[in-house]
2 protein chains.
Amino acid sequence: MVFPQRVKMSDVARTAGVSVATVSKVVNGRYGVAQATVERVQQVIHELGYEASLGAQSLRSHRTNVLGILVAEFEPFSTELLKGASREVAGSGYQLLAYSSGDGEGAAIGWERRSLARLSGTLIDGAVIVTPTVVETNDSFHVVAVDPHTGPSGLPTVDSDNFAGAVLATNYLLSLGHRRIGHISGRADLESARLREAGFRRAMADAGVPVDERLVRVGGFRIESAAGTAAELLALTDRPSAIFAGNDLSAISTMDVARDMGLSVPDDLSVIGFDNVPESALVNPPLTTIMQPIQRMGAEALRLLIDLVAGAERDTHIRLPTELVIRSSCRPRH
Amino acid sequence: MVFPQRVKMSDVARTAGVSVATVSKVVNGRYGVAQATVERVQQVIHELGYEASLGAQSLRSHRTNVLGILVAEFEPFSTELLKGASREVAGSGYQLLAYSSGDGEGAAIGWERRSLARLSGTLIDGAVIVTPTVVETNDSFHVVAVDPHTGPSGLPTVDSDNFAGAVLATNYLLSLGHRRIGHISGRADLESARLREAGFRRAMADAGVPVDERLVRVGGFRIESAAGTAAELLALTDRPSAIFAGNDLSAISTMDVARDMGLSVPDDLSVIGFDNVPESALVNPPLTTIMQPIQRMGAEALRLLIDLVAGAERDTHIRLPTELVIRSSCRPRH
DNA sequence: ATCGGTATCGATAACGTTTTCGAGTCGCTC
DNA sequence: GAGCGACTCGAAAACGTTATCGATACCGAT
């Protein structure tokens, strides 16, 4: 990697004996330059190591070929997404920039917020956002949302079938004989959290099992915030025999809390998660969970964004299937 | 989050009844504008939601207040580093952009590479790089390297005491009675990998234990590439009773391979890693490893970068201490 | 009144691109 | 040999900002 001395278009033009206008044309592959000239200029560009100034480019043409991906923070889910997205962007002619809104469960504020907007508005052509904040946008700037904020935003979206996944999870617990099933839901402003809870309730209702409202609580999607909720749940005198956690992180957290309270997973408590982040296969016991194809979601989101930026008409909503992956954190109720 | 309609400085100027020059002064807090004017302009800026165009700004002033962090790929180590860096950048007046060179064990090529250089050269004020590639830079662009490429680069650097950490790890294994100790080293062009292997050899020599050269092999630092190496090591008729893996990922991979071969960790094989990424506490058995304060390294790197960009004179090399964290993947040799 | 000094402000010239459009050249056709 | 397209090319005007520097206004002191 070399960070070159800045050489500008006029330098190239001078040493190639043409005008900057001509250089610009060959850089952008515009029509109207003689073949011989093209080759000569390209040669000089190569020799001098010329790179266009993003600033000047963006200023003049309002196009940078840079895409952004905005995550709330770098936790396992966004990291997987990032992987998928970076894989997809390779060779697309775009460059991908990741930035974090820099906070977990709050909204960006003040300087941060404005700076984000500034980035977005001025130096990238579009963004995929993985943070549950409401966005307004205009038609010169494209954004696609992954796992979006609750409510109708009208944004292009890619998500997984959270509702069906939750039904899958709940039915699995039910099929194991569990009746007192707890649910730790994610942050309320996340559409996915809402749908998972809805799926949970639907499955329970379909099975004719009443849900004890004391057993469903919001725990957030982070490891620390879920711990408190899990502790409350397990401290109940008639504690649940199984817990459907809103995501893997809170499931892992729940298992930790259970262990600390002297409970064995899965013997005393069955736990099922959601997401299938890499960590879930690593923990002890390996976590049974609902897989959503996170990397693929990242890739699809980026592909969608690219198409949108290029002006293509496309389905504006992509939903990927979920799947039950059985490991060792659940057991039939004795 | 709102991606605003682009309103420019001249708009602000017009509705505030001043010139763009004055608005610019207000925005940048320059001296020489009446208090009343400052307030009026700020008011208008707020109402209109004005955001400076990064492109124009960078073009004119060669300064964007945006910093970059370039990682080879988004694996656990870089992710932790990212967290530390994002935490540090908050409130610093800078914005942090993460980008990936988009590949694991190779160098970026062609379009990618140039695009990286373009980003770096034109729209960020400096970067921390977490990828073992040689860089050349000029004095208008600052870069600090984390876990740098082998050999003297002259770059400002932050790393941990890899050598001492490796000694720590090896001595621990030695103290457990192990004599046939294997080492899976990281990619050869990583200074850290070189130092860890050197530390390993030093500790062995100091203990008067000869190292069997068939037992030290390069496995790369990724999970997949380490697996093959581990398998080779364990297939030896006189296989090692302990393995010091070059990092946690290869340690985890080694444990997987051992399990697949019907070996129990730690009963039949002790494994120690390096890094203490979050995953190492999660796996089964929990991994004994050498901790380096990764998040703190990210934070220090960013702080150093900020100071450098601000023109401060600073120690140009920061080395953080490592520490043995004992979990359950090692056991005395029976 | 005149003057020097301080505030306060605005015209204006960059910064490095892209794009438009007119000018020049050349080879043809009639 | 005049006229006409088709090709090439470059001059110049943007894009939105920052920095310089001169203009103006106002103040108190002579």
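Excluded from the calculations below are hydrogen atoms, water molecules and symmetry mates; all remaining heavy atoms, backbone and side chain alike, are included. Chain letters run A, B, ... following the sequence lines, proteins first, then strands; residues in each count from 1.
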Of the listed nucleotides (D:dG16, C:dG10, D:dT17), which one gets closest to any side-chain atom of B:Ala21? C:dG10
Anything under 3.5 Å between a protein N or O and an N or O of nucleotides 5-8 of chain D, put it in a table, one pair a line.
none

Residue pair B:Tyr94 / B:Val89: nearest heavy atoms and the distance that separates them: O-CG2, 3.7 Å
Let's see if you get this right: which residues in residues 9-17 of chain B place a heavy atom under 4.0 Å from DNA chain D? B:Met9
Once you round it to whole Å, what is the distance between P of D:dG16 and CG of B:Asn28? 17 Å
Would you mind reporting whether B:Tyr99 and B:Ile124 have side-chain heavy atoms less than 4.5 Å apart? yes
Using the side-chain contact (heavy atoms from CB on, under 4.5 Å) rule, take A:Glu73 and B:Ser86 through it: C-alpha gap first, then chi angles, then the decisive distance, then the call. CA-CA 9 Å; A:Glu73 55 181 334; B:Ser86 351; over 6 Å; no
List the steps, then state whether side-chain contact (heavy atoms from CB on, under 4.5 Å) holds for B:Asn65 with B:Gln95. CA-CA 6 Å; B:Asn65 280 7; B:Gln95 171 79 23; over 6 Å; no
Of A:Leu81, A:Val146, A:Thr79, A:Leu320, the residue whose pairing with A:Ile294 passes side chain to side chain contact (heavy atoms under 4.5 Å, CB included): A:Leu81
Can you name the one residue among A:Leu82, A:Leu305, A:Leu67 that meets side chain to side chain contact (heavy atoms under 4.5 Å, CB included) with A:Leu96? A:Leu67
Residue pair B:Gln43 / B:Glu47, side-chain donor-acceptor N/O under 3.5 Å: yes
B:Lys25 vs A:Val38, nearer the 5' end of DNA chain D by closest nucleotide: A:Val38
Side chains of A:Ile318 and A:Leu304: closer than 4.5 Å at any heavy-atom pair? yes
Can you give the donor-acceptor pairs under 3.5 Å from side chains of residues 10-19 of chain B to other protein atoms, not counting sequence neighbours?
from: B:Asp11; atom 1: OD1; to: B:Arg14; atom 2: NH2; distance (Å): 2.8
from: B:Asp11; atom 1: OD2; to: B:Lys8; atom 2: N; distance (Å): 2.9
from: B:Ser19; atom 1: OG; to: B:Ala21; atom 2: N; distance (Å): 3.3
from: B:Ser19; atom 1: OG; to: B:Thr22; atom 2: N; distance (Å): 3.3
from: B:Ser19; atom 1: OG; to: B:Thr22; atom 2: OG1; distance (Å): 3.3

Salt bridge (Lys or Arg N to Asp or Glu O under 4.0 Å) partners of A:Arg296, counting only residues at least two apart: A:Glu300
N or O in side chain of B:Ser19 less than 4.0 angstrom from C:dG10 OP1/OP2: yes
N or O in side chain of B:Arg30 less than 4.0 angstrom from D:dA19 OP1/OP2: yes
Whole-Å distance separating the CG atom of A:Leu123 from the P atom of C:dG16: 18 Å
Between protein and nucleotides 23-28 of chain C, what N or O pairs are separated by less than 3.5 Å?
none

Side chains of A:Asp147 and A:Asp159: closer than 4.5 Å at any heavy-atom pair? no
Quick one, which residues of residues 53-60 of chain A touch DNA chain C with a heavy atom under 4.0 Å? A:Ser53, A:Ala56, A:Gln57, A:Arg60
Checking side chain to side chain contact (heavy atoms under 4.5 Å, CB included) between A:Leu70 and each of A:Ile129, A:Val128, A:Leu97, which is the one that passes? A:Ile129
Quick one: on DNA chain C, does B:Thr22 or B:His62 contact a more 5' nucleotide (nearest heavy atom)? B:Thr22
Rounded to the nearest Å, what distance is computed from the CG atom of residue A:Asn65 to the P atom of nucleotide C:dT17? 15 Å
With the side chain counted from C-beta on, respond yes when A:Ile69 and A:Val130 share a heavy-atom pair under 4.5 Å apart, and no when they do not. yes
Main-chain N/O of A:Gln57 paired to A:Ser61 side chain as donor or acceptor, under 3.5 Å: yes
Contact class for A:Val27 vs. all strands (heavy atom < 4.0 Å): base, sugar-phosphate, or nothing? nothing
